[in-house]
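Notes for the one structure printed next.
No hydrogens, no waters, no symmetry mates; every other heavy atom, side chains included, goes into these values.
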Amino acid sequence: PGMSGGVILNADGELIGIHGRGERDEYRSRDKQEAVKTGVNQGVPISYYKLFTSGAPVDISKITAKTADDYLAQARASLGIKGREQVVIRLANKSLELRESSTAFELIGASNVEIGASVKAIDDLNRAIQIDNQNPSSYINRGRAKRRMRDFQGALQDYKIALKFSNSEYSPATIYNNIGTIKSDLGDHQGAISDYSVALKADSHSLVNYTSYINRGLSHKAMGNFKKALADLSIAIQKYPDRAYPYVERGNIKDDMGESKEALADYSKAIEVDPMYANAYEER
């Protein structure tokens, strides 16, 4: 954000595009409540710009990848889209055939995390870190892979390293939220609440903030602090009333408190917001 209209350079300092809009919001993993960046920024590739200035029609279907950067750009465009993980891996490997880069290994690793190939993902992310040991994304994705392998201490260590190199894409709020999820996995709910609170102070607007309210609420619930849990879930709902997940979690808390009628109302609201959310039907 703030670089709109600026140049995009490749590793050789060549102009390959014009920066458009930087992605501001993260999305979350519904089942794990991890804050995850899609890694996609919008811009104008120089090949499209050349066609435009020449007066020729910009036919994207006829523009094929020729360089390592072309393949990486195409891989990034599919990153975070469910079902396109193998596309990302294939394109990033094509890039590696032309030039070794930490970005390519990181994209492959991140995609392997998504498809559950955690051991392979860690190998790829180790390669990325060997080339560039100051990229927080590589540590975060390696931490995600370790978490899925239930190596919680290893994941915690990676997130803490990532915190040293936090940037506009992977902010301290994002990382503290994810550190909180690991502490929650370890049963340290008070420690998790502290980390979520730090994340909330660091970022008051994005989806990370919304996710941290949910996560802190669930940690309060785990400690039996139902009133604080309800307060946090209610704030999350106020921020994003069109998302079903917090209604279900708030309903669960009300159900635990014996407020079945109020719980039913939340489950029904979740179904109204997202008729395809099966868990809401199950809880109701």
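The hydrophobic clustering, which links ILVMFWY residues whose side-chain heavy atoms are closer than 4.5 Å, places Leu233 and Met257 together. Hydrophobic clustering (ILVMFWY, side-chain heavy atoms < 4.5 Å, transitive): Leu186 and Ile175 are in one cluster. By the criterion of side-chain heavy atoms lying less than 4.5 angstrom apart, applied directly or through intervening Ile, Leu, Val, Met, Phe, Trp or Tyr residues, Leu264 is not grouped with Ile271; the two fall into different hydrophobic clusters. Leu96 and Ile122 are not part of a single hydrophobic cluster, where members link through side-chain heavy atoms under 4.5 Å apart. In the hydrophobic cluster analysis, where Ile, Leu, Val, Met, Phe, Trp and Tyr join through side-chain heavy atoms closer than 4.5 angstrom, Leu156 is grouped together with Tyr176.
Side chain of Ser4 to main chain of Gly20: a donor-acceptor pair is present (N/O by atom type, distance under 3.5 Å, no hydrogens or angles). In this structure, the side chain of Thr53 engages the main chain of Lys50 through a donor-acceptor pair within 3.5 Å. Side chain of Asn209 to main chain of Asp203: a donor-acceptor pair is present (N/O by atom type, distance under 3.5 Å, no hydrogens or angles). The main-chain N or O of Tyr245 is never found under 3.5 Å from a side-chain atom of Tyr277 such that the two would form a donor-acceptor pair. Formation of a donor-acceptor pair under 3.5 Å by the Tyr281 side chain with backbone atoms of Pro275 is found in this model. Under the 3.5 Å distance criterion, the side-chain polar atoms of Asn225 are left unmatched by any main-chain donor or acceptor of Lys228. Asp12 places no side-chain N or O within donor-acceptor distance of the main-chain N or O of Glu14, the cut-off being under 3.5 Å. Distance alone, capped at 3.5 Å, places no donor-acceptor pair between the Asp188 side chain and the Ser184 backbone.
With a 4.5 Å cut-off on side-chain heavy atoms, Ser166 and Pro172 count as touching. Using a 4.5 Å heavy-atom cutoff, the side chains of Ser111 and Leu79 are in contact. Residues Ile18 and Val7 are not in side-chain contact: their nearest non-hydrogen atoms beyond the backbone lie 4.5 Å or more apart. No side-chain heavy atom of Val113 sits under 4.5 Å from any side-chain heavy atom of Arg142. In this structure, the side chains of Asp242 and Tyr240 come closer than 4.5 Å at one or more pairs of heavy atoms. Under the 4.5 Å side-chain criterion, counting only non-hydrogen atoms from C-beta, Asp132 is not in contact with Ser138. With contacts defined as side-chain heavy-atom distances shorter than 4.5 Å, the pair Leu15/Ile8 does not qualify. Taking the side chain as every heavy atom from C-beta outward, Ile235 and Tyr210 never approach each other to under 4.5 Å.
Remark: Arg147 is not positioned above the aromatic ring of Phe152, lacking an NZ or CZ atom under 6.0 angstrom from the ring centre and at most 45 degrees off the axis.
Here Asp255 contributes atom CG and Lys261 contributes atom NZ; the two are 14.5 Å apart, rounded to the nearest 0.5 Å. Remark: Ile46 CD1 to Ile16 CD1 distance equals 9.0 Å, nearest 0.5 Å. Atom CD of Glu106 is separated from atom CG of Asn141 by 6.0 Å, given to the nearest 0.5 angstrom. Of the inter-residue distances, the one linking Ser95 atom OG with Arg76 atom CZ reads 10.5 Å to the nearest 0.5 angstrom. The structure places CD1 of Ile140 at 11.5 Å from CD1 of Ile161, a figure rounded to the nearest 0.5 Å. How far CD1 of Ile193 is from OG of Ser212: 12.5 Å, rounded to the nearest 0.5 Å.
The only member of Lys254, Glu282, Glu283, Glu272 that meets side chain to side chain contact (heavy atoms under 4.5 Å, CB included) when paired with Tyr267 is Glu283. Just one of Asp232, Asn177, Thr211 meets the side-chain hydrogen bond (donor to acceptor under 3.5 Å, both in side chains) condition when paired with Arg216; it is Asp232.
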Please report the C-alpha distance between Ile108 and Val88 in whole Å, then the side-chain angles of each, then the deciding distance to 0.1 Å, and finally whether the side-chain contact (heavy atoms from CB on, under 4.5 Å) criterion is met.
-> CA-CA 7 Å; Ile108 295 170; Val88 175; over 6 Å; no
Run the numbers on Thr181 and Tyr196 for side-chain contact (heavy atoms from CB on, under 4.5 Å), then give the verdict.
-> CA-CA 9 Å; Thr181 63; Tyr196 297 139; 3.6 Å; yes
Step-by-step side-chain contact (heavy atoms from CB on, under 4.5 Å) determination, Leu218 to Ile214 | CA-CA 6 Å; Leu218 294 179; Ile214 294 175; 4.1 Å; yes
Verdict with reasoning, Met149 to Val119, per side-chain contact (heavy atoms from CB on, under 4.5 Å) = CA-CA 8 Å; Met149 295 176 69; Val119 174; 3.7 Å; yes
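A salt bridge links Arg144 and Glu114; the closest N-O separation between the charged side-chain nitrogens and carboxylate oxygens is under 4.0 Å. We find that Glu262 and Arg250 are not joined by a salt bridge, their nearest charged nitrogen and carboxylate oxygen being 4.0 Å or further apart. With respect to Lys120 and Asp124, a salt bridge is recorded, a charged nitrogen being found less than 4.0 Å from a carboxylate O.
When only modelled atom types and interatomic distance are considered, Asp70 and Thr67 share a side-chain donor-acceptor pair under 3.5 Å. One side chain, Thr174 or Ser171, offers a donor N or O that lies under 3.5 Å from an acceptor on the other.
Ring-plane geometry between Tyr139 and Phe165 is classed as parallel, the angle between the planes falling under 30 degrees on a 0 to 90 degree scale with a further cut at 60.
The local environment of OH in Tyr247 is crowded, with over 12 non-hydrogen atoms from other residues, nucleotides or ligands closer than 6.0 Å. Within a 6.0 Å sphere centred on CZ of Arg99, heavy atoms belonging to other residues, nucleotides or ligands number more than 12. Counting non-hydrogen atoms of other residues, nucleotides and ligands closer than 6.0 Å to NZ of Lys239 gives a total above 12.
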